[in-house]
Amino acid sequence: MFIDEEEDTVVVELYAQQFKWTARYAGPDNVLGKANVRLIEGVNTLGVDLSDPYAQDDIVVSELHIPKGKKIHFKMRSQDVLHSAYMPYFRAQMNCVPGMVTEFAFTPIYTTSEYRELPYMVEKVANINALRTKKSIGLVAKGETALDPYTFDYLLLCNKICGSSHYNMQMKVIVDTPEDYKKWLEDKATIVQEVKTAKTPEAPVDGAKGSDSTKGKDTAEAVVKIAMK
Amino acid sequence: MSAEAHDHGHDLEHEHHHKETFITKYIFSIDHKMISKQYLITGIIMGVIGVGMSMLFRMQLAWPEESFKIFNVLLGDKFAPDGVMANDIYLALVTIHGTIMVFFVLTAGLSGTFSNLLIPLQIGARDMASGFMNMISYWLFFLSAVIMLCSLFVEAGPASAGWTIYPPLSALPQAIPGSGMGMTLWLVSMAIFIASSLMGSLNYIVTVINLRTKGMTMTRLPLTIWTFFVTAIIGVISFPVLLSAALLLIFDRSFGTSFFLSDIYIAGEVLHYQGGSPVLFEHLFWFLGHPEVYIVILPAMGIVSEVMATNSRKPIFGYRAMIMSVLAIAFLSTIVWGHHMFISGMNPFLGSVFTFTTLLIAIPSAVKAFNWITTLWKGNLQLNPAMLFSIGMVSTFITGGLTGIILGDSTLDINVHDTYFVVAHFHLVMGISALYGMFAGVYHWFPRLYGRMLNKNLGYVHFWVSAICAYGVFFPMHFIGLAGLPRRYYTNTNFPLFDDLQNVNVLITTFALIGGVFQLVFLYNFFSSIFYGKKSVQNPWKSNTLEWTAPVEHIHGNWPGAIPEVHRWPYDYSNPAHDVDFVPQNVPMKEGEEVLHH
């Protein structure tokens, strides 16, 4: 999806690693701070360049919340191998490539609770739960615990073979109303605060933050510019 | 040592020419007919292994939590303790299944068998241009197959990064155990395979250009030869690119270069790689990878054209259109590789270019499908097993081709990329179709290969069970793909969202197991008929092409006397100027006979 430079978007970084997803919000300035895997240290698992002014308000979370009705601009990174951020219910997919930033954008039109109420989804979930109940009877008979009933949630899956546990690399995606989204984001600590509270030696390795850390971002900007033409 | 070298004095005393030992006749043979049989049997053995692997992982997908003794027996305690398949070996099985089926069965097994058998016999040549290089080509293929099979037995397991071996996963042993010794052997095996394939291809090209008999103009060539010829050209253009990708990957893996790797943090440390890009590898891989599917399907198309014309007792419809469409497919095949990479992170503008070129392929493909159907139209159909497999090939090619139009569109592909929808598409359009083409070829030319007939009734059983099971396996796959089920997941139990697709998976596996087991009917038919089949007459299908003018018993040099001269095109079936419904190519034109060739 094409993005105008002036357009008001929510910028979110999706960060892939074997075998989990992490998200980083750009914060009030809506610009992500620079980052590079060479800066990974302690709780700064995404390698964010803590000296970058844009990084000061960045927020790192492990559950993705996005507001309904607003364009979400995803920037994707991977720290080890190829991953693919696949969100089937948004018809969205983009590979995460180590060494570069890839991008994708879409506007969610149903909140999670609205989507759960759609007649086809109600029917699908009822069907799934009927199957799960049937399976649970067998499990209980064998002395195992029954399966939990299922409620629908949007998911982010990995869809590019990425290693042994590729089959279980997922993150819950929650589409909120804009108000709920704001409330959820409000009380999250920024990465800078998190690093401070963890009291890890914060100074990143010298020399690594110069040319390396900007590289990925430059490439990405170039791609966006070409795409917009 | 070319065939020309002993062309002199070929007349009657040919058989006394030189004595052959067991080794020169059956093992290091330079006779194209023997090499063809070697390719076929090696291909069948690899096919049994590849299909067997697919049955194992289909069982895992249908019953992910069950324990099967057969897993433990075949995969051992390390990879299947207590009969439950481990996730690493699942990925290894899909990887090796893909590699074996694409390269060893449908490239070497199909092209190698029929190009070697038919090119000299159908164009009227004593042998390939270089019999010696032909022999080397087969033995390199054999060596690469042996190395690939050896990789199944290394301690950390065989290559398991998918048959597309995208780095960094394939480059870093830290990322997946299979990327250690298993991957090294995979790369070595493929490098040797490519050398073999190039030698074979060059030989086919030179033979078709130089060794055609008198009167065999390019527009009198059977369509089989046209497709083998064009396939060889595509192979020569694209295989070296995969070789270069494999070599660069070997450099990255073993010598610390950074062609495909950059900015990697794995297993708690930053690696030194800087400045490479995995997307570059994807470009190099698919520059072969896409033409490869035409390397697989074109020979099948040629075989089907030939078998259909013979068994419809009608000229092939649109002979020149068929040639033009093969050439068009060959040209387009080299400029569409980006449709495998719509979501790879390459520039989205390129996506629209590749969408355009990809959808253009629908035109020559549709020309071919149309011409096959019009060849059948009002024909005097001889529904023998070869003909049934040919019709089956047209069916699966159309079914699979239709979903290709969806996947070729970059905007639609985003949603279904790497789901079972893709698996269903390519298995139907190039897997099953090419396999049917290969079966059609084996049923049709078995008498030419072994001088005996295959059992027809077993052939019928083989076809109908295969046809039902192939659709039973791959048709439902479209729906689970559209529902969002990703491929290459070892189990879907971590996603309650997909729980309602599990019954479909059981259905698919059931068809896969039945279809797989029934291939034993073919194997029994094939191997028992070699020794006990009914003896074949010289031209059992009443076909026009030159291979049926050679004696049933194989002789070195193919024809005991002079090479037959060609006077007409190969599709003079039901020619009103003649009393019989077929007129072989070596029959001279009658006085005043109209050329029906078009």
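Atom set for the values below is all heavy atoms of this structure, side chains included, hydrogens, waters and symmetry mates excluded. Here is how names work: the chains are called A, B, and so on, in the same order as the sequence lines, proteins then strands, and each is numbered from 1.
Between G484(B) and P88(A), the shortest heavy-atom contact is CA-CB, 4.4 Å. Of all heavy-atom pairs between Y167(A) and F495(B), the closest is O-CE1, 3.2 Å. The two residues I176(B) and G163(A) make their nearest non-hydrogen contact at CD1-CA, 3.8 Å.
The shortest distance between side-chain heavy atoms of I264(B) and V37(A) does not fall below 4.5 Å. Using a 4.5 Å heavy-atom cutoff, the side chains of R38(A) and Q274(B) are in contact. Residues D263(B) and N36(A) are in side-chain contact: their nearest non-hydrogen atoms beyond the backbone lie under 4.5 Å apart. Residues S262(B) and P98(A) have side chains not in contact (no heavy-atom distance under 4.5 Å, counting atoms from C-beta outward). In this structure the side chain of L157(A) reaches within 4.5 angstrom of the side chain of Y489(B), judged on heavy atoms. By the 4.5 Å heavy-atom criterion applied to side chains, Y86(A) and D418(B) are not counted as neighbours.
Contact of N503(B) with chain A is made through the side chain alone, with heavy-atom distances under 4.5 Å. With a 4.5 Å cut-off on non-hydrogen atoms, L155(A) touches chain B through its side chain but not through its backbone. For chain A, the nearby part of L271(B) is the backbone; its heavy atoms alone come within less than 4.5 Å. Both the backbone and the side chain of Q79(A) come within less than 4.5 Å of a heavy atom of chain B. Only the side chain of P177(B) comes within contact range of chain A, judged by heavy atoms closer than 4.5 Å. Of the two parts of A130(A), neither the backbone nor the side chain holds a non-hydrogen atom closer than 4.5 Å to a non-hydrogen atom of chain B. Heavy atoms of T164(B) lying under 4.5 Å from chain A are absent altogether. Heavy atoms closer than 4.5 Å to chain B are found in the side chain of Y89(A), but not in its backbone. Proximity to chain B is limited to the side chain of L131(A), based on heavy atoms less than 4.5 angstrom apart. Looking at N159(A), the atoms closer than 4.5 Å to chain B (heavy atoms on both sides) sit in the backbone and in the side chain alike. Only the side chain of R132(A) comes within less than 4.5 Å of a heavy atom of chain B; its backbone N, CA, C and O stay farther away. Residue contact with chain A, scored on non-hydrogen atoms closer than 4.5 Å, is absent for A171(B). Only the backbone of Y273(B) comes within less than 4.5 Å of a heavy atom of chain A; no side-chain atom from C-beta onward does. Only the side chain of L91(B) comes within less than 4.5 Å of a heavy atom of chain A; its backbone N, CA, C and O stay farther away.
Heavy-atom pairs under 4.5 Å with chain B peak, among C158(A), C96(A), S84(A), G47(A), at C158(A). Per-residue heavy-atom pair counts under 4.5 Å with chain B were compared for R77(A), H166(A), Q93(A), R91(A), and the maximum is reached by Q93(A). Taking chain A as the reference chain and counting heavy-atom pairs below 4.5 Å, the highest number among R488(B), H417(B), E269(B) is found for H417(B). Counting heavy-atom pairs closer than 4.5 Å to chain A, the top-ranked of the candidates L169(B), N492(B), D88(B), I266(B) is L169(B). If you tally non-hydrogen atom pairs under 4.5 Å between each of V270(B), L412(B), I414(B), V279(B) and chain A, the highest count goes to I414(B). When each of F152(A), F90(A), Y150(A) is checked for heavy-atom pairs under 4.5 Å with chain B, Y150(A) comes out on top.
Interatomic distance, CD1 of I128(A) versus CG of D499(B), reported as 6.0 Å (0.5 Å rounding). Put simply, OH on Y265(B) and OG on S78(A) are 13.5 Å apart, with the number rounded to the nearest 0.5 Å. Note that the CG atom of N95(A) and the CE atom of M341(B) stand 9.0 Å from one another [nearest 0.5 Å]. If you take OG1 on T493(B) and CG on N168(A), they are separated by 8.0 Å, rounding to the nearest 0.5 Å. Atom CG of N129(A) sits about 10.5 Å away from atom CG of D500(B), to the nearest 0.5 Å. Between atom CD1 of residue I343(B) and atom CE of residue M94(A) there is a gap of 7.0 Å, rounded to the nearest 0.5 Å.
With a 6.0 Å radius and a threshold of 12 heavy atoms from other residues, nucleotides or ligands, E144(A) has its CD atom above the threshold. With a 6.0 Å radius and a threshold of 12 heavy atoms from other residues, nucleotides or ligands, M181(B) has its CE atom at or below the threshold. For K20(A), the NZ atom is loosely surrounded, since the number of other residues' heavy atoms within 6.0 Å does not exceed 12. Other residues, nucleotides and ligands place no more than 12 heavy atoms under 6.0 Å from the OH atom of Y110(A).
Side-chain N or O atoms of Q18(A) include none that pairs as donor or acceptor with a backbone N or O of A267(B) at under 3.5 Å.
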